[in-house]
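Structure in structure tokens, see below.
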Number of protein chains: 2
Amino acid sequence: MIEASGRKETIGSVSLGGLETTVGFLLRLAQVAVFKDLLAALKPFDLRVTDLSVLLVIEATPGLQQRAIGEVLRIQRPNLVTIIDQLEARGLVRRGPVQGDRRAYALSLTKEGEALLQEAKIAHAQHDRKVLDALGDVDKAQMLAALERIAAL
Amino acid sequence: MIEASGRKETIGSVSLGGLETTVGFLLRLAQVAVFKDLLAALKPFDLRVTDLSVLLVIEATPGLQQRAIGEVLRIQRPNLVTIIDQLEARGLVRRGPVQGDRRAYALSLTKEGEALLQEAKIAHAQHDRKVLDALGDVDKAQMLAALERIAAL
DNA sequence: TATTGTTATACTCTATAACTATA
DNA sequence: TATAGTTATAGAGTATAACAATA
């Protein structure tokens, strides 16, 4: 049932009990949709959303260590191991030596990693445009600022 | 490192590689934060976010069937079985008969379920206020509309 | 044949403890 | 002692296939 406002408040005759006018509920639906769309966009490159994020971070700061990636992307260190393992096995990422600390790895993109990332970034940009278009009259900077404040709850 | 704009673009010297100005990335951080905050608010009632959603939907449309809940909340039917099982075992929800269809259950809240939900709704309202405060200058209706368009990607 | 609820199962994501090798 | 990475494991949350009872 679509109302005059364009807001769908019921499905069939079943109400959402107020959830439909809640930021949290729609935030979840939006986030799931965005990740699903991006995952589909990255499918040709066999990359998950997290993989792209990791590649972007490494590209931006080559030589950084796994711990640093975990901090900025909020990925637990144990979980990051598998991710880097896979990217390394595919020849996209290199675990180089860190001079002065033999415990850590200096991460960098291989030539193949760079090449794949450039392609993936195009797909990501197309996806991002769809999201931005969906913002409509909401200013992007204001939206980012609001989301950031919510993220800091 | 906090910049003049107040936007944190780096952590230490590690850049996020453009992710920090992406709606999708901040959408994820915001959604995780909201769910974490709500989960904490519901802790005294031993309810998860999904449990509250289910109770709200049943309250809004008593007598509805499991299938209908799954549709509006986007929960797979098999997964809903366990959720209703637990709420029923706690005496919060009742699986009554549906006249004319012995396959289905008419779900409703018990007296205890009603009572617990009223308490939980107060906690939820307090949580929701925090989220709304974080919106700042962003209009709630505009935000909901934008999130809805993104959810429909 | 189709549908409601169910069972079993699997896959992804995320989280924690404990280990190793270094520092 | 503390830290980087690792291993093993466990817990959510989510997904699909197939079944029984009923429509």
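Both backbone and side-chain heavy atoms feed into the values below; hydrogens, waters and symmetry mates do not. In what follows, every chain begins at residue 1, and chains take the letters A, B, ... in the order their sequences are listed.
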**OP:** Go through the side-chain N and O atoms of B:Arg103 and B:Gln65 and say whether any donor and acceptor fall under 3.5 Å apart.
**Re:**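 No - no donor-acceptor pair under 3.5 Å links their side chains.
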Subject >> Same apolar cluster (I L V M F W Y, side chains within < 4.5 Å links), B:Val23/B:Val32 >> reply: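 B:Val23 does not cluster with B:Val32.
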Original post:
How is B:Arg74 classified with respect to the nucleic acid when contacts are heavy atoms under 4.0 Å: base, sugar-phosphate, or nothing?
Top reply: nothing
Original post:
For residues 25-41 of chain A, which residue pairs qualify under side chain to side chain donor-acceptor pair (under 3.5 Å), counting only residues two or more places apart or in two chains?
Top reply: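 Found A:Asp37-A:His127, A:Asp37-A:Lys130.
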Original post:
By a strict heavy-atom criterion of less than 4.0 Å, which residues belonging to residues 31-61 of chain B are in contact with DNA chain D?
Top reply: B:Arg48
Original post:
Taking 5' to 3' order, which nucleotide of DNA chain D is first and which is last to have an atom within less than 4.0 Å of a heavy atom in chain B?
Top reply: D:dG13 to D:dA23
So which protein N/O to nucleotides 18-21 of chain C N/O distances come out below 3.5 Å?
none

Subject >> side-chain N/O B:Gln65 vs C:dT3 OP1/OP2, d < 4.0 Å >> reply: no
Subject >> salt bridge (Lys or Arg N to Asp or Glu O under 4.0 Å) contacts in which one or both residues fall within residues 109-120 of chain B, not counting sequence neighbours >> reply: none
Subject >> Verdict with reasoning, A:Arg77 to A:Glu71, per salt bridge (Lys or Arg N to Asp or Glu O under 4.0 Å) >> reply: CA-CA 9 Å; A:Arg77 265 65 75 222; A:Glu71 279 172 10; over 6 Å; no
Original post:
Taking all non-hydrogen atoms of both residues, which atom of B:Leu27 and which atom of A:Leu27 are closest, and how far apart?
Top reply: CD1-CD1, 3.6 Å
Original post:
Hey, quick one: are B:Val131 and B:Leu42 part of the same hydrophobic cluster, counting side-chain heavy atoms closer than 4.5 Å, chains of contacts allowed?
Top reply: yes
Original post:
So does A:Gln76 get a side-chain nitrogen or oxygen closer than 4.0 Å to the phosphate oxygens (OP1/OP2) of C:dA15?
Top reply: yes
Original post:
Would one find more than 12 heavy atoms of other residues, nucleotides or ligands at under 6.0 Å from atom CD of A:Gln118?
Top reply: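 Atom CD in A:Gln118 is crowded, with more than 12 foreign heavy atoms closer than 6.0 Å.
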Original post:
Reckon B:Arg77 touches a base, only the sugar-phosphate, or nothing at all at heavy-atom distances under 4.0 Å?
Top reply: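 It contacts base atoms.
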Subject >> Ion pair A:Arg94/A:Glu88, N-O distance below 4.0 Å >> reply: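 No salt bridge links A:Arg94 with A:Glu88.
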Original post:
Do B:Gln142 and A:Gln142 get their side chains close enough for a donor-acceptor pair, meaning under 3.5 Å?
Top reply: no
**OP:** Consider only side-chain heavy atoms of I, L, V, M, F, W and Y, link residues closer than 4.5 Å, and tell whether A:Val81 and A:Ile75 are in one cluster.
**Re:** no
Original post:
Where along residues 79-102 of chain A does a heavy atom come under 4.0 Å from DNA chain D, residue by residue in number order?
Top reply: A:Val81, A:Arg95
Subject >> Passing option when B:Leu107 is tested against B:Val93, B:Leu87, B:Val54 for side-chain contact (heavy atoms from CB on, under 4.5 Å) >> reply: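 It is B:Val93, the one option of B:Val93, B:Leu87, B:Val54 that forms the side-chain contact (heavy atoms from CB on, under 4.5 Å) with B:Leu107.
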Original post:
Any chain of hydrophobic side-chain contacts (each under 4.5 Å) joining B:Leu29 to A:Val57?
Top reply: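 B:Leu29 and A:Val57: one cluster.
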